[in-house]
Amino acid sequence: MDYLTAPLDETSRAALAATGLRYAVLDNDDAAALEGWIRADFRGFHGKRPSAEVLEEARGSFAGRRNTGVYDDEGATSDPVGTVNTWPAPLTVPGGARVDSWAISSVTVAPTHRRRGIATALLGGELRTAHALGLPLAILTVSESVIYGRWGFGPATWATAWSVDTKRVGWAGGETPGRLSFAEPAEYEETGARVLDRVMASRAGEIGLEPYLAKRLIGPMKGDPDADKLRLVRYDSAEGEPEGFVTYVLKDDPEDDFTRHTVVVNHLAAATPEALRTLWRFLIELDLVAEVKVWTRGVDEPYQSLVNDIRGARVTELQDHLWVRILDVPAALQARTYERDGSLVIDVADDLGLAGDRFRLTVRDGRAEVQATEDTADVSLPVAALGSAYLGHDVVRGLSLAGRIQGDAEALDRLFRTTVPPRLSTWF
Ligand SMILES: CC(=O)SCCNC(=O)CCNC(=O)[C@H](O)C(C)(C)COP(=O)(O)OP(=O)(O)OC[C@H]1O[C@@H](n2cnc3c(N)ncnc32)[C@H](O)[C@@H]1OP(=O)(O)O
């Protein structure tokens, strides 16, 4: 699939042209154009002006992506007024298959050009392009939760943030075998990428990481103000197999108490329960530390079971994280497995006309067969709700109670929900 050279979506090109704007896919070898695009992207997220070394690193990072811009050729600057980039990312689905999904990122519109339909053209264009490329799903992580429902995305994984009061809690977990050692991030990149790949393959909701996304977790990136403070501790099993790592920064106590540093975790990757336990024990037993803060963890993290005082480990945030947009219902539903068998007719409504139809879903021995049907629907739902339910998170009952799924939601819930909730442990 040549997603880098796939043609621009004609509907969006025409809509933008009608308002005097030009829609273009960048040639990633055109350094000046790509740098202008990166500047616009950073500005769109209220970031700093990128330095020359940050621009160089970002050009390398985005070289494998389809970078698209919207240009106002009548304006005073040649940088784009709208940006988006996309690439096929392997999304792990229940059962462990990794399904190429259209990952969408860097959606920005210059504040000088907001609310004139540029994002609408960009999103519609990306979804139609992914559909034409035959990808069954589009995925993204969002800056604001109100933006993407209108394009048929639904929240499909939730993330937690935690604060652990390490002056209060003690270790209550089981054995912590294996070996911990400090490593320099630059020397650990290859091993870290392998560990991350193992972690990402093992849980529905995680995505395979491009080198850039892996590097962000191993660190440090150019221009990172905490680069010099970033520490990496690796975990290797008793047999010497790399199975996890944690990257973190120590922050001083604002009251200047040297015994009360805060550990801010950049990323914790654990491919085995032993790695998770051992790395957590390391974090909570660090001397001269009062608090460990961690973000983007699953909803089923066992931190309260690892400590002897449950209230010393608190969830400080619970938030929607990965959003899923189904583009091809049969392909998406046949790619995952199911924990129970059953048969159901679902009527899927899609305002964009990409995936809507009525389907019979028959699950035997955990595998689904999905076909269009004229039979009476058991369940009717918008494509965004199907995206929310797709990875197995416990959302169906709530959507039904809220009146956003009609019909036999219990049967849908029985089929779709998984014992282990899906998780995405990074942003993209
Ligand atoms: C996957 C990612 O990259 S997530 C990152 C998203 N980007 C950001 O948060 C960066 C800062 N924000 C922006 O750059 C812009 O405000 C964007 C990209 C969110 C929206 O761009 P715009 O071109 O202004 O959106 P557009 O004009 O197409 O609006 C489409 C609809 O979405 C609504 N909408 C757009 N942004 C928002 C928002 N932030 N909050 C609420 N509604 C919004 C508009 O009101 C409009 O609704 P309508 O169709 O009912 O009139």
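Numbers here simply count residues along the sequence, with the first being 1. Order of listing sets the numbers, starting from 1, for every ligand and every atom in it.
Not counting sequence neighbours, the partners of Tyr188 by the ring pair (Phe, Tyr, Trp, His ring centres under 6.0 Å) test are Phe245.
Screening residues 89-99 for salt bridge (charged side-chain N to carboxylate O under 4.0 Å, His left out) gives Arg98-Asp197 as the qualifying pairs, with residues at least two apart or on separate chains. Within the structure, every pair that satisfies the salt bridge (charged side-chain N to carboxylate O under 4.0 Å, His left out) test and touches residues 312-336, not counting sequence neighbours, is listed here: Arg325-Asp350.
The nearest pair of heavy atoms linking Leu209 to Ala214 is CB-N, 4.0 Å.
For the pair Arg59 and Glu56, the salt-bridge criterion is not met [side-chain N within less than 4.0 Å of a carboxylate O].
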Note down each nitrogen or oxygen pair, ligand 1 side and protein side, whose separation is under 3.5 Å; give only atom names and the distance to 0.1 Å.
unit_1   : atom_1 : unit_2 : atom_2 : d
ligand 1 : 3 (O)  : Ser106 : N      : 3.4
ligand 1 : 3 (O)  : Val107 : N      : 3.0
ligand 1 : 7 (N)  : Val107 : O      : 2.7
ligand 1 : 9 (O)  : Ser143 : OG     : 2.5
ligand 1 : 14 (O) : Val109 : N      : 2.8
ligand 1 : 14 (O) : Val109 : O      : 3.3
ligand 1 : 16 (O) : Arg115 : NH1    : 3.0
ligand 1 : 23 (O) : Ala119 : N      : 3.0
ligand 1 : 24 (O) : Arg115 : N      : 2.6
ligand 1 : 24 (O) : Arg115 : NH1    : 2.8
ligand 1 : 27 (O) : Arg116 : N      : 3.3
ligand 1 : 27 (O) : Gly117 : N      : 2.9
ligand 1 : 28 (O) : Ala119 : N      : 3.3
ligand 1 : 28 (O) : Thr120 : N      : 2.9
ligand 1 : 28 (O) : Thr120 : OG1    : 2.7
ligand 1 : 32 (O) : Arg150 : NE     : 3.2
ligand 1 : 32 (O) : Arg150 : NH1    : 3.3
ligand 1 : 36 (N) : Arg115 : NH1    : 3.4
ligand 1 : 39 (N) : Glu144 : OE2    : 2.7
ligand 1 : 47 (O) : Arg150 : NH1    : 3.0

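When ring centroids are compared, Tyr303 and Trp162 come within the 6.0 Å threshold.
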